[in-house]
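Since we're looking at a predicted model, the values are computed, not measured. Naming: A, B, ... by sequence-line order, numbering from 1 per chain.
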Protein chains: 2
Amino acid sequence: MSLIRHYNSEDKVLVAVDSVIFGFDREGLKILLIKRDFEPQKGAWSLMGGFLKKNETLDQAANRVLHELTGLDSIYMEQVSSYSALGRDPVERTISVAFFALINIAQHDFKLNKAHDAQWFPLSQAPTPIFDHQQMIAEALERLKRKALTNPIGFELLPEKFTMRQLQDLYESILNEKLDKRNFINKINALEILIRLEEKDKTTSKKGAFLYKFDEEKYNQKIDEGFNFKL
Amino acid sequence: MSLIRHYNSEDKVLVAVDSVIFGFDREGLKILLIKRDFEPQKGAWSLMGGFLKKNETLDQAANRVLHELTGLDSIYMEQVSSYSALGRDPVERTISVAFFALINIAQHDFKLNKAHDAQWFPLSQAPTPIFDHQQMIAEALERLKRKALTNPIGFELLPEKFTMRQLQDLYESILNEKLDKRNFINKINALEILIRLEEKDKTTSKKGAFLYKFDEEKYNQKIDEGFNFKL
DNA sequence: TATTTAAGTGTTAAATTAACACATATTTGA
DNA sequence: TCAAATATGTGTTAATTTAACACTTAAATA
């Protein structure tokens, strides 16, 4: 007789992961939604998700699901929260763990898996998604905001070379407020994580704007240290 | 034939909740651990936990488990994170959602359920608990720190009447640093959530220290508004 | 009545944040 | 060719917030 108590009498439940996939391009911050192709709510928009398998962690599941849709690996992901309301998925009792992912749309040369009928939506123009996905998006966005104010995130969302204006646009779209150009530049420069290149980007102005890239070493240092931005 | 796709082929897993129960009394910030009474690791210290049942939410499960141990209801709890490493519970594959709870030890007149062999430990003197519970505690503490800097929390942890010194002790033990007395008082008073009573507490000084209570209305207002303390 | 102990109380310097406006380079159209 | 239009680039000052700092007071006890 073993003294090890097994958990045979306990309930097992379906566990899902759902990903709030944020992207950024010249048009601003966007999220990636997929069109649901089965009932109920067939045709409605939804976060990309999937079920946790017996032999994988939640992070692995979230990465697997993201990979299935985008083909991408090594994408920055972070757990947001778990959702467990009883009727949240009308098909069957399921709890879901939400993640957020950061992708730079223009840079990564990926094709969305056509089987999933996915589409990028500017944050403010996204349709209302199914179940409790709206709440997941809202909480993921809160997390992203805090992240942006305490750690550098541009590396995940911006192309390798970018203008100061693009960086400011990124922060403005995450924080959902206009920032003063000079104050923003002063703050960013104080971090000393940017390297100004000789090249200029001429796509948005006649004068041209200097391109910058991140100083990877100092950038990573700031990830560890953290900071406390008030923008 | 139904168009509704069921999830029959998906894996189901055991889902647990584990609670990092913080308490505060004259001796400082403490956590409540229970002695595990079955193998493996019988006799080791552990967070109080339990399994999610088919028909309850994670919050309900966490409250149920807390109630089982303490008899208390309506305790402040907040979800921290989910843990899903494959071998985290050697008995069987289980994922766990950690919560933190705030209890004011002296005020609540509760008896710990003896069946669980529970004990309060000062944060710095707690034994190393089983599995990944140490990580849960660390992350819960991080959350508590941020909470303390952005929302009032004293109501949950302090007795109804308390001295300014007790409030400062609370913050010092959560933030794990000494604070300047005058600056602390100035900051707290700026919030305008305290009411100074005529009574004094004489247990810690000959002179006696004024007792305070929270202005409940303004306190709740600050919960909604939030603030950004830098102590 | 001298000593001890924790409580109580404000001011100033330093650092951070917020507010603010004009010149420049280049293209385009008159 | 020159005027107009447009986005880029750049510093200073005021206002606010935070950090540093020391002495007096009340009461108990020796």
Side-chain angles (χ1 to χ4, degrees), chain A residues 25-28 145-146 148-150 158-159 161-173 175-192 194-213 222 225-231, chain B residues 26-28 145-146 148-150 154 158-159 161-173 175-192 194-213 222 225-231:
Chain A
D25 63 14
R26 298 252 166 203
E27 293 168 8
K145 270 187 203 181
R146 195 175 60 240
L149 295 175
T150 54
L158 291 169
K161 301 172 183 178
F162 52 87
T163 64
M164 196 58 91
R165 163 55 54 182
Q166 276 178 281
L167 184 59
Q168 186 174 341
D169 284 343
L170 174 59
Y171 273 91
E172 288 184 345
S173 56
L175 301 176
N176 196 29
E177 60 179 320
K178 289 286 169 203
L179 303 172
D180 178 273
K181 180 168 53 163
R182 280 170 292 184
N183 291 342
F184 179 79
I185 291 172
N186 289 341
K187 281 276 182 64
I188 293 293
N189 282 336
L191 291 179
E192 298 185 313
L194 291 187
I195 297 170
R196 188 164 97 170
L197 306 172
E198 295 306 312
E199 301 171 67
K200 284 193 166 191
D201 172 297
K202 295 222 168 190
T203 56
T204 55
S205 91
K206 295 154 186 170
K207 182 180 178 181
F210 280 108
L211 285 166
Y212 291 78
K213 65 173 183 178
K222 285 294 174 193
E225 288 175 9
F227 46 73
N228 201 335
F229 249 9
K230 189 159 188 188
L231 289 175
Chain B
R26 297 252 167 203
E27 293 167 8
K145 270 188 203 180
R146 195 175 60 240
L149 295 175
T150 54
L158 291 168
K161 301 172 183 179
F162 52 88
T163 65
M164 195 59 90
R165 164 55 54 185
Q166 276 177 281
L167 184 58
Q168 186 174 340
D169 284 343
L170 173 59
Y171 273 90
E172 288 183 347
S173 56
L175 301 176
N176 196 29
E177 61 179 319
K178 289 286 171 206
L179 302 172
D180 178 273
K181 180 167 53 161
R182 281 171 291 185
N183 290 342
F184 179 78
I185 292 173
N186 289 341
K187 282 275 182 64
I188 293 292
N189 282 335
L191 290 179
E192 300 186 312
L194 292 187
I195 298 171
R196 188 164 98 169
L197 306 173
E198 294 308 312
E199 303 171 67
K200 284 192 165 192
D201 172 297
K202 295 222 169 190
T203 56
T204 55
S205 92
K206 296 156 184 168
K207 181 182 179 181
F210 279 106
L211 286 165
Y212 291 79
K213 66 173 183 177
K222 286 295 176 194
E225 287 174 12
F227 46 72
N228 202 334
F229 250 8
K230 188 157 188 187
L231 289 174

Kindly say if R196(B) contacts the phosphate of dG8(C), meaning a side-chain N or O under 4.0 Å from OP1 or OP2. no

note: K230(A), atom NZ; dT16(D), atom C1'; distance rounded to Å ~ 9 Å

Measuring from the side chain of K187(A) (C-beta onward, heavy atoms only), which nucleotide among dA7(C), dA18(C), dT8(D) has the closest atom? dA18(C)

Value rounded to 0.5 Å, distance of CG in L179(A) from OH in Y171(A): 10.0 Å

Quick one: Q166(A) CD to dG9(D) P, roughly how many Å, whole number? 12 Å

With a 4.0 Å cut-off on heavy atoms, is L179(A) in touch with a base, just the backbone sugar-phosphate, or nothing at all? nothing

Separation of atom CG in D180(B) from atom P in dC21(D), rounded to whole Å: 9 Å

Using the closest heavy atom to pick a nucleotide of DNA chain D for each, name whichever of S205(A) or R182(A) lands nearer the 5' end. S205(A)

Write down the distance between CD1 (I185(A)) and P (dG11(D)), rounded to a whole number of angstrom. 11 Å

Give, for atom CG of L191(B) and atom CD of E225(B), the distance between the pair rounded to the nearest 0.5 Å. 9.5 Å

Would you say that more than 12 heavy atoms from the other residues, nucleotides or ligands in this model lie under 6.0 Å from the NZ of K187(A), or not? yes

Taking the nucleotide of DNA chain C with the closest heavy atom to each, which residue, Y212(B) or K181(A), is nearer the 5' end? Y212(B)

Salt-bridge contact D201(B)-R26(B) (side-chain N to carboxylate O under 4.0 Å): yes

On a plain distance test, is the side chain of K207(A) in donor-acceptor contact with the base of dT24(C) below 3.5 Å? yes

Any side-chain heavy-atom pair of K222(B) and E192(B) under 4.5 Å: no

If I take atom CG in residue N183(B) and atom P in nucleotide dC21(D), what distance separates them, rounded to the nearest angstrom? 11 Å

When the distance from CG of N186(B) to P of dT16(D) is rounded to whole Å, what number comes out? 17 Å

Rounded to the nearest angstrom, tell me the gap between atom CG in D201(B) and atom C1' in dA28(D). 15 Å

May I have the distance from K200(A) (atom NZ) to dT8(D) (atom C1'), rounded to whole angstrom? 7 Å

